[in-house]
Amino acid sequence: MNGSHDVGGMHGFGPVTIDPDEPLFREPWERTVFGMIRATLPRFYNIDEFRHAIERMGNIDYLDSTYYEHWLACLEILLVEKGVVAAGELDRRARLSAAGVLTVTALAAQAAVTVSHPGGISYWREGTEPRFAVGDAVRARNLHPPGHTRLPRYARGKRGTIAAVHGVMVFPDSNAHGQGEQSQAVYSVRFESAELWGESADGRGAVYLDVWDSYLNPAGEQP
Amino acid sequence: MNGSHDVGGMHGFGPVTIDPDEPLFREPWERTVFGMIRATLPRFYNIDEFRHAIERMGNIDYLDSTYYEHWLACLEILLVEKGVVAAGELDRRARLSAAGVLTVTALAAQAAVTVSHPGGISYWREGTEPRFAVGDAVRARNLHPPGHTRLPRYARGKRGTIAAVHGVMVFPDSNAHGQGEQSQAVYSVRFESAELWGESADGRGAVYLDVWDSYLNPAGEQP
Amino acid sequence: MGKNHPNVDPYVVSRVRALESLLLEQGILAPDTVDRVVARYEADTGPLAGARAVARAWLNPDYKALLLSDSHQALKAVGVESYDVLRVKENTPTVHNLVVCTLCSCYPWPVLGLPPTWYKMPAYRSRAVIEPRAVLAEFGLEIGPEREVRVWDSSAELRYMVMPQQPAGTEGMTEEQLTALIPRDALIGVAEVRAPALV
Amino acid sequence: MGKNHPNVDPYVVSRVRALESLLLEQGILAPDTVDRVVARYEADTGPLAGARAVARAWLNPDYKALLLSDSHQALKAVGVESYDVLRVKENTPTVHNLVVCTLCSCYPWPVLGLPPTWYKMPAYRSRAVIEPRAVLAEFGLEIGPEREVRVWDSSAELRYMVMPQQPAGTEGMTEEQLTALIPRDALIGVAEVRAPALV
């Protein structure tokens, strides 16, 4: 999806703003949202569905909201789509909450909800031999799928070199859309800054992207 | 500038929304803004400065505002930068206006302000022989200038064919930045949809862009 | 501002009034300037000059050749002076044309008036170049797979207008009658011209 | 929402509370779930596991080789279990490394904690790949023209951490002392490690 989330190479967002004293969470609700994501991912949705739900917020809302607002939007979108909560009931309770009259009753019987550790989810899979080897010249394909993808726009059509073969991993473009894991090799690909940005590159350097096999062609082929 | 205004090929803006009964102006203030732009362009700023001022609004404000809000932002930016109005005085009067106590006095002596006709501004210039001829294979350069440019991101690095040689015109990339007209040939370039969008192209077709000479290389050269 | 607040924004209104007052005091605006510059767009809501030129082209092969090759001269004949940047693109059985401006909202004002809001919004501008057939389908126009769609992205000071195909059943109609049949949307390329329904 | 309204948004708070109430009733959340899952990030604010691993690598060439070639095994030695996706990139006199996630905000939580807000914002994410030197200069880091800048854009489930250069004047310091010197920003690549000032 060519969405507003794909910001690599954009201008116009101003300088990087640093708050050296920022707290871990700026508001108590951010803390709650963090906990709710951790308690529901991957139980009800996978990481690729999570990322794509944020992309589906819409371009303006995506840019005009904060990190934890993105997570909240994701919870609302996915927990409704997955049937965990009903949209109408969510709306009804939000109105009660806004009016200060929402009664919350935790289920008594389940003092010990276990939550998966993020490091405990593995994306590595068994698989076939990789198509490319370290040093191979490749070209990122010119793909513009309307759904989820992890090939950023700035790299499409660009030539690079295989810097490492990571192994086989779940393919986000299918896994985000209920089309299975379709696992494939993932490579570290080095793209020279001059290849990516032409004369606008700001000096010696390169960007390394982690790229799934099906995003790539041999360099000799057209994108 | 790789800004939010450069929307060609983006997803995520939803369906096209059509209001068959829309008025020419939705609010009286839009009508006033329209008149103010017509009365000040090109007297105080040129068309390229106008477009770039809108691009400089910032990515979020650009997307989260309407067409005539863009024009208002442009007026505020350029008339202050050009010294026509003072920022502080503008703020002061806006506060008075919000409080309902702004007194407006038109200059009595100038009943007949003349406004240039938009068709009366010509961008054609004399110039040298064009570098390319109809049928030539070209490739758009991979340019990412932080300033104004009229080469959209979706065409950069892509191959096309010269479909027409329009003539010589003012170059926006310089004219928007007080660097003179640097006039050069402008071509109509045909880019096949499959070249632009790969397998995501939605069928037989092409996009024709009007492209300044310095945005192009011969097709054989790298972008 | 913007989409989340579609109604009158008192902040915006105050800014506009403040700016207007400054321009009036300096004589950059006269009290009647705004009325004068919007008058022609408020009056000229149709039939459009572009529609008249197309109707004439349907009836007159020489005029059609002129409109396609030298619109500057051809437009003078329908009352549009000094508009030397228009390029007219003819729809045929094998080619459908569509006009957009992805970078801003360039549009041929002198022949089509001011653009509709949808033309200026990111939804149309973003999609017209990557999925023109899907956009046209939303406008009710299905383009067969064998027909080429040409999208004209107005990135320079050239402006584009589509010459739609004359619909069957309109032979023998006058220029006046044909002009009245041609909607603005057909000149942008998001509609076709339809013959009047038989009653 | 968002940048124009940085303070508490009552609408957002209501939505969060509504969602929380539904998850509590269904037993998807227990009353202590949120506290439990945030506890380790609220407690573990430094020294970070990543800093400890780097300090140890500076002191021990074998550990350094392991950290660069098999971070999974190396991290276990500093108390991080089951984190098999980290890749550590070593700064040298000729190479400076920088970590970003342009598409979202991927970040190596188990070794660096939760990311700072600037890491998650479009300004950093957009500029780090096209003008990394300008971004680094804003962080106070001038990279000479002869030195290569390598930007690691975390587009898959791999995560990246920078191994900064050990500053001169810290020879003879203990692992504990070195760990305390290494700021989080140096492990992202937007800072260098400085020797303690002589007093």
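Since we're looking at a predicted model, the values are computed, not measured. Within every chain, numbering begins at 1; the chains are lettered A, B, ... in the order of the sequence lines, protein sequences first and strands thereafter.
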By side-chain hydrogen bond (donor to acceptor under 3.5 Å, both in side chains), which residues pair with D/S21, not counting sequence neighbours? A/R93
With chain A, which of [options] has the greatest number of heavy-atom pairs at distances under 4.5 Å?
{"options": "D/L103, D/D35, D/T102", "result": "D/L103"}
{"options": "D/A128, D/C101, D/P132, D/A134", "result": "D/P132"}
{"options": "D/I143, D/V151, D/V95", "result": "D/V151"}

Between D/D84 and A/Y123, does any side-chain donor sit less than 3.5 Å from a side-chain acceptor? no
Ignoring hydrogens and angles, state whether a donor on the side chain of A/Y208 or D/N97 is under 3.5 Å from an acceptor on the partner side chain. no
Is any side-chain heavy atom of [X] closer than 4.5 Å to a side-chain heavy atom of [Y]?
{"X": "A/L24", "Y": "D/L114", "value": "yes"}
{"X": "A/H11", "Y": "D/R127", "value": "no"}
{"X": "A/L72", "Y": "D/V12", "value": "yes"}
{"X": "A/D91", "Y": "D/R15", "value": "yes"}
{"X": "A/Y154", "Y": "D/I130", "value": "no"}
{"X": "A/E27", "Y": "D/V13", "value": "no"}
{"X": "A/T17", "Y": "D/W118", "value": "no"}
{"X": "D/W152", "Y": "A/L209", "value": "no"}

Heavy-atom distances under 4.5 Å only: say whether [X] touches chain D with side chain, backbone, both or neither.
{"X": "A/V170", "result": "neither"}
{"X": "A/M169", "result": "side chain"}
{"X": "A/L90", "result": "both"}
{"X": "A/T40", "result": "side chain"}
{"X": "A/S200", "result": "backbone"}
{"X": "A/I47", "result": "side chain"}
{"X": "A/I54", "result": "neither"}
{"X": "A/H70", "result": "neither"}

Can you name the ring pair (Phe, Tyr, Trp, His ring centres under 6.0 Å) partners of A/Y67, sequence neighbours left out? A/W71
Main-chain N/O of [Y] paired to [X] side chain as donor or acceptor, under 3.5 Å:
{"X": "D/R125", "Y": "A/H5", "answer": "yes"}
{"X": "A/W29", "Y": "D/S14", "answer": "no"}
{"X": "A/R150", "Y": "D/S155", "answer": "yes"}

Check each atom of [X] against the heavy atoms of chain A and say whether the ones under 4.5 Å are side chain, backbone, both or neither.
{"X": "D/E138", "answer": "side chain"}
{"X": "D/P116", "answer": "both"}
{"X": "D/Y160", "answer": "side chain"}
{"X": "D/R184", "answer": "neither"}

Are A/F13 and D/Y124, when compared by the centres of their aromatic rings, separated by less than 6.0 Å? no
Does the pair D/T117 and A/E22 meet the rule for a side-chain hydrogen bond (donor to acceptor under 3.5 Å, both in side chains), with working shown? CA-CA 8 Å; D/T117 296; A/E22 69 180 2; 2.8 Å; yes
With a cut-off of 6.0 Å (strictly less than), are more than 12 heavy atoms of other residues, nucleotides or ligands near NZ of D/K64? no
Near D/R194 CZ, under 6.0 Å, is it more than 12 heavy atoms from other residues, nucleotides or ligands? no
Quick one: closest heavy-atom pair of [X] and [Y], and the distance?
{"X": "A/G35", "Y": "D/V37", "result": "CA-CG2, 3.5 Å"}
{"X": "A/E76", "Y": "D/L19", "result": "CG-CD2, 4.3 Å"}
{"X": "D/A123", "Y": "A/G14", "result": "CB-O, 3.6 Å"}

Rounded at 0.5 Å granularity, tell me how far CG in D/L22 sits from CD in A/E89. 5.5 Å
Starting at CG of D/L23, measure out to CG of A/L75 and round the result to the nearest 0.5 Å. 7.5 Å
Would you mind checking if [Y] and [X] are paired as a salt bridge, meaning a charged N to carboxylate O distance below 4.0 Å?
{"X": "D/E157", "Y": "A/R51", "answer": "yes"}
{"X": "A/D210", "Y": "D/R87", "answer": "no"}
{"X": "A/R204", "Y": "D/E146", "answer": "no"}

List the residues meeting salt bridge (charged side-chain N to carboxylate O under 4.0 Å, His left out) with D/E176, not counting sequence neighbours, and say none if there are none. D/R52
Testing D/E20, D/R17, D/E25 one by one against A/V104 for a side-chain contact (heavy atoms from CB on, under 4.5 Å), which residue passes? D/R17
Identify the residues of residues 181-193 of chain A whose heavy atoms come closer than 4.5 Å to a heavy atom of chain D, ordered by number, or report 'none'. A/V186, A/S188, A/R190
Pick from A/P152, A/A164, A/G167: which one has the most heavy-atom pairs with chain D under 4.5 Å? A/P152
